[in-house]
Amino acid sequence: MKRISTKTTKRVAAIILAAIAACSVMGCSVQKTVTTTETHTDADGNTTTTTTTQTTDQDGNVNTETTETEAKELITYEFETFDSVKVVIDENSIVAQESSDDPENSDLVSAEAAGNIIAPGRDFVYLEDSDYYYIADLSRNLITVADKSKVQTETSNDEELAENPGFFETDSWSISYDTDSWYGYVNDEGNTIINYTGECAGTSLIEISELDVPTAKEAVAILAEKKGKELTVSDGFEGVDYTCFAYAADEVYESGLYIADFYTLYEHNGKVIVLDEAITHDDDDARAEALGEVFACVKNALELK
């Protein structure tokens with residue numbers, strides 16, 4: 001489960017400092033200083049602070065200095081680990097947040113945390129070591145580091161999510177998987193997520209959903225709109241359960257690292273069941289082929305009722 005929030009504050013604050021009086025041995029003189037600070041935050045969370053300092057000396061001469069600084073609002077995160085611990089990463093715990101072409105392999109990620117994935121995710125890779133959490137945000141090309149001693153955590157009481165049962169079932173279908181290599185749960189949208197926990201280039205998972213439309217053609221249109229890109233459709237074959245395949249162009253994050261998104265659609269009982277395989281690959285073709293076979297084993301375990 002993941003949720004992202006961006007804290008945006010919009011305010012204009014004016015702070016006027018009291019006049020400062022200074023006396024010297026040559027006589028008493030008065031100098032008045034007024035400082036005004038204005039803070040503006042735009043729709044993208046970018047904050048600009050303008051500070052104007054106006055000083056008037058005893059002869060009435062006015063000196064004005066203006067400085068302008070920009071700061072971006074921190075991106076915050078909430079997620080639930082494989083051990084059913086709810087984690088909230090906010091401005092109180094974030095110690096670093098930087099852009100990165102390859103956030104999962106950023107120099108900010110410690111050797112201890114590298115490859116130590118602690119929570120399911122699709123566009124996010126959650127890592128940890130003994131002192132810090134690391135969020136590799138692939139959608140934003142952003143790496144965030146949070147001090148674990150300052151992070152809010154809470155143990156989930158949701159037994160259904162905590163069990164990782166190895167088997168899911170609805171009125172229309174059922175599926176089983178190996179809990180040593182996969183972690184399954186139901187997300188906030190009611191879809192079944194089976195996240196691969198073995199060795200791979202990044203987050204890889206199977207998502208099963210049901211669309212309340214009778215035809216695969218209508219389902220493909222819904223999926224394309226949700227994904228925001230065109231899907232290529234290939235018809236199914238005689239003698240198999242699925243109706244058709246659909247796939248999107250690979251989402252390339254950098255040279256040699258991409259996500260292959262592949263849908264298998266089943267017209268069944270007046271609805272369309274969608275099995276979405278989203279697999280992160282690198283430039284190792286042999287590993288990609290082996291990972292495809294691992295995913296096929298779980299996919300083939302889907303049974304329609």
Side-chain angles (χ1 to χ4, degrees), residues 1-13 37-51 67-154 156 187-188 193 195 200-205 228 251-259 278 280 282:
M1 180 175 68
K2 63 176 185 291
R3 287 172 297 178
I4 311 169
S5 63
T6 305
K7 182 179 179 182
T8 305
T9 301
K10 296 183 178 180
R11 68 178 186 271
V12 177
T37 302
E38 295 185 352
T39 302
H40 299 275
T41 303
D42 63 22
D44 297 325
N46 300 319
T47 300
T48 302
T49 301
T50 303
T51 302
T67 59
E68 188 173 283
T69 59
E70 293 185 4
K72 290 186 177 181
E73 292 286 344
L74 293 173
I75 305 298
T76 62
Y77 301 86
E78 294 183 24
F79 60 92
E80 186 164 330
T81 70
F82 293 129
D83 297 328
S84 300
V85 176
K86 295 179 180 179
V87 180
V88 178
I89 305 294
D90 58 22
E91 59 273 10
N92 297 317
S93 57
I94 293 174
V95 297
Q97 188 168 89
E98 296 182 3
S99 297
S100 172
D101 292 334
D102 184 9
E104 187 176 358
N105 297 303
S106 165
D107 292 339
L108 295 180
V109 178
S110 70
E112 180 186 350
N116 185 24
I117 298 175
I118 60 169
R122 182 164 184 165
D123 293 325
F124 309 90
V125 180
Y126 304 100
L127 309 166
E128 74 170 348
D129 57 25
S130 56
D131 298 313
Y132 299 98
Y133 288 115
Y134 304 85
I135 300 91
D137 188 335
L138 306 182
S139 65
R140 293 184 174 88
N141 286 336
L142 194 69
I143 179 66
T144 299
V145 183
D147 186 339
K148 294 176 75 172
S149 67
K150 299 177 181 179
V151 169
Q152 304 176 48
T153 60
E154 178 184 349
S156 173
N187 68 9
D188 290 342
I193 307 294
N195 197 89
C200 57
T203 300
S204 297
L205 55 83
E251 298 179 15
V252 179
Y253 290 107
E254 64 171 285
S255 177
L257 184 64
Y258 63 94
I259 287 182
T280 303
D282 54 21

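- With sequence neighbours left out, Ala114 forms a side chain to side chain contact (heavy atoms under 4.5 Å, CB included) with no residue at all.
- Residues Ser99 and Asn141 fail the side-chain proximity criterion, which asks for heavy atoms closer than 4.5 Å.
- With a 4.5 Å cut-off on side-chain heavy atoms, Thr144 and Asp137 do not count as touching.
- The CD1 atom of Ile75 sits 4.5 Å away from the CZ atom of Arg140 when rounded to the nearest 0.5 Å.
- Closest approach of Phe82 to Ile117, counting heavy atoms only: CE1-O, 3.6 Å.
- For the pair Glu104/Val109, no side-chain contact is recorded, criterion being any heavy-atom separation below 4.5 Å from C-beta on.
- Residues satisfying the salt bridge (Lys or Arg N to Asp or Glu O under 4.0 Å) criterion with Lys150, sequence neighbours excluded, are absent altogether.
- Put simply, CG on Asn187 and CG on Asn195 are 11.5 Å apart, with the number rounded to the nearest 0.5 Å.
- The side chain to side chain contact (heavy atoms under 4.5 Å, CB included) search around Val88 returns Glu78, Asp90, Gln152, not counting sequence neighbours.
- Tyr77 has its side chain out of reach of Val87: every pair of non-hydrogen atoms, C-beta onward, lies at least 4.5 Å apart.
- With a 4.5 Å cut-off on side-chain heavy atoms, Ile135 and Ile89 count as touching.
- Atom-to-atom distance recorded for Arg122:CZ and Ser139:OG is 12.0 Å, nearest 0.5 angstrom.
- Not counting sequence neighbours, Ser130 has no partner by the side chain to side chain donor-acceptor pair (under 3.5 Å) test.
- Listed by chain and number, the residues in a side chain to side chain donor-acceptor pair (under 3.5 Å) with Asp129 are Ser110, Tyr134 (sequence neighbours excluded).
- Put simply, the side chain of Tyr126 does not reach to within 4.5 Å of the side chain of Tyr133, judged on heavy atoms.
- Residues passing the side chain to side chain contact (heavy atoms under 4.5 Å, CB included) test with Ser100, sequence neighbours excluded: Pro103, Ser106, Ile143.
- Taking 4.5 Å as the limit, some side-chain heavy atom of Glu98 sits within range of a side-chain heavy atom of Leu108.
- Asn116 places a side-chain heavy atom less than 4.5 Å from the side chain of Glu128.
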For the pair Val125 and Leu138, evaluate side-chain contact (heavy atoms from CB on, under 4.5 Å) and give the outcome as yes or no after the intermediate values.
CA-CA 8 Å; Val125 180; Leu138 306 182; 4.3 Å; yes

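- Distance check, rounded to the nearest 0.5 Å: CD1 of Ile193 to CG of Leu205 gives 6.0 Å.
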